[in-house]
Amino acid sequence: MSEPLIPPRLRDDCFAMPQGVDWISVEDAQTRLRAILPPVKQMETLTTAQAAGRVLAQDCIAQRSNPPAPNSAVDGYGFAHVATGAGVQTLPLVNGRAAAGQPYDQEVPAGHAIRILTGAILPKGVDTVVLEEDCSTDATRVAFDGPIKPNANTRKAGEDVQEGQIALTKGHRLRPPDIALLTALGIAQVTVFRPLRVGVLSTGDELLADPSIQGGAHNIYDANRPMLLSLIAGWGYTPVDLGHAPDDADAIRAKLDNGAQHADVILTSGGASAGDEDHVSRLLRDTGSLSSWRIALKPGRPLALALWQGAPVFGLPGNPVAAFVCALIFAHPALAQMSGAGWQAPAGLTVPAAFSKNKKPGRREYLRARLNSDGAAEVFASEGSGRISGLAWAEGLVELPDEAIAVQPGTPVRFLPYAGFGI
Ligand SMILES: Nc1nc2c(c(=O)[nH]1)N[C@H]1C(S)=C(S)[C@@H](COP(=O)(O)OP(=O)(O)OC[C@H]3O[C@@H](n4cnc5c(N)ncnc54)[C@H](O)[C@@H]3O)O[C@H]1N2
Ligand code: MOO
């Protein structure tokens, strides 16, 4: 008889890594997050004008064509192309004119022309327009040098978008140009996902909530919370300020309980590693829901992921540089997925390095960086994880691969601009 199979202890934890997995790469961590984080389901209907920043929960169908009717692209004179030819063309002008919002409702006879302004519907009998700068006129006739190309300076009905076409698809986050498009297509209302609510909690006995408070040398100002809250607001989510908790399990528990009630997902910072005062990781572990992912990453190795009463918790490291990098590399794409917009990998570009570094194998590294006037990436002088000034100095991150690399000036490196993270 074969030996009984012993299953692993039931953890009921979507963040749990498979048995035996220890260190995982940034890429594996992202792939796993992508597979497990659910999008918000609730939808609401808004007027298009109010919907900037929101994520479409349904495709948007054009209610009318853009443009709705054939019209003139310039100020000039319109006529039937068929009655014109090469050389100087002199055409009698009809009485009246066609302007945007003031259509000419009669037919222009072939061999005649009409004064027409930009945006005016082409009157019956008109298929071509000559630019006014290319014309002479005495108010009864217009003369220009032919030949003019058929349909010159006109716009076809629906040449941009046709009625019934899908203008934007579900999952698209509406930006100002999208609002213009939807409005032009007669789409008055859109169905969007409810905005994701993201709670932010800082932990640490040393923290002072606000820089207006006087403190001792043992105190530091809570820099992570306003940084994370403003990142979240900039990403179009609803920031939920959960304040800060001292290094005390009961206090942190109460804050997390509150966070799980008022937010869909919680970002904490501090207390994520394994020291005596690292209460966040201990508390999450004690609830049985902690999956402390040891990610081969610098900075930000001690990232904790857990479910707290059903709400995903990202336990970011306390060092502001590590908290920021982990927020960009993990929270940014993960929150996008939870908002309904889908996972969003940052846009990056390959540029020559303007620095030297011998990087060890086995972990991915992110350096604070910006492009110099030659378009090469220079990096901040220190890699210290508490050097917040480097975050403000930088305009992006250089991403060094998991493998060893000897970077010299001119070596191609990957630069991820802050803008690619929606900052
Ligand atoms: N023995 C070890 N010690 C540490 C390790 C390790 O592997 N073994 N890892 C280091 C690294 S790397 C990091 S990152 C930190 C992460 O630790 P925690 O997440 O537990 O963070 P804290 O210890 O609470 O704080 C670290 C540092 O950051 C400051 N901090 C915390 N919160 C804020 C905030 N809201 N605003 C500004 N600054 C903040 C805090 O005062 C500490 O100086 O652990 C290392 N140690
Ligand atoms: O995550 Mo720590 O800040 O790597 O340095």
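Values below: all heavy atoms of this structure, side chains included; hydrogens, waters and symmetry mates excluded. One-based numbering, in listed order, for ligands and for the atoms of each.
If you number the atoms of ligand 1 from 1 as listed, the ones under 4.0 Å from a heavy atom of Ile220 come out as 37 (C), 38 (N), 39 (C), 41 (O). Counting the atoms of ligand 1 from 1 in the order shown, those under 4.0 Å from a heavy atom of Leu207 are 33 (C), 34 (C), 35 (N). Atoms of ligand 1 found under 4.0 Å from any heavy atom of Ser202, numbered from 1 in the order shown, are 35 (N). Atoms of ligand 1 lying under 4.0 Å from at least one heavy atom of Tyr221, given by number and element, are 36 (N), 37 (C).
Taking only nitrogen or oxygen atoms, main chain and side chain alike, Arg225 does not reach within less than 3.5 Å of ligand 1. Residue-to-ligand polar distances keep Pro317 apart from ligand 1: every N/O pair is separated by 3.5 Å or more. Polar contact check, Gly318 against ligand 1: a nitrogen or oxygen pair lies under 3.5 Å apart. Inclusion of Pro320 in the set of residues having an N or O under 3.5 Å from an N or O of ligand 1 is not warranted. Any N or O atom pair closer than 3.5 Å counts here, and Glu206 shares at least one such pair with ligand 1.
Not less than 6.0 angstrom separates the ring centroid of Phe380 from the ring centroid of Phe355.
Of the charged side-chain nitrogens involved, at least one lies within less than 4.0 Å of a carboxylate oxygen, so that Lys357 and Glu365 count as a salt-bridged pair. With respect to the salt-bridge test (charged N to carboxylate O, under 4.0 angstrom), the residues Asp264 and Arg197 qualify. With respect to Asp241 and Arg225, a salt bridge is recorded, a charged nitrogen being found less than 4.0 Å from a carboxylate O. Remark: Arg115 engages Glu132 in a salt bridge, criterion side-chain N to carboxylate O under 4.0 Å.
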Q) Could you walk me through whether Tyr418 and Glu395 pass the side chain to side chain donor-acceptor pair (under 3.5 Å) check? A) CA-CA 6 Å; Tyr418 281 168; Glu395 285 161 8; over 6 Å; no
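A donor-acceptor pair under 3.5 Å is absent between the side-chain atoms of His172 and the main chain of Leu56, judged by distance alone. Of the possible polar contacts, one joining the Asn372 side chain to the Asp374 backbone as a donor-acceptor pair under 3.5 Å is found.
Ligand 1 has at least one atom lying under 4.0 Å from a heavy atom of Ala223. Note on ligand 1: Gly271 sits in its first shell, one or more heavy atoms being nearer than 4.0 Å.
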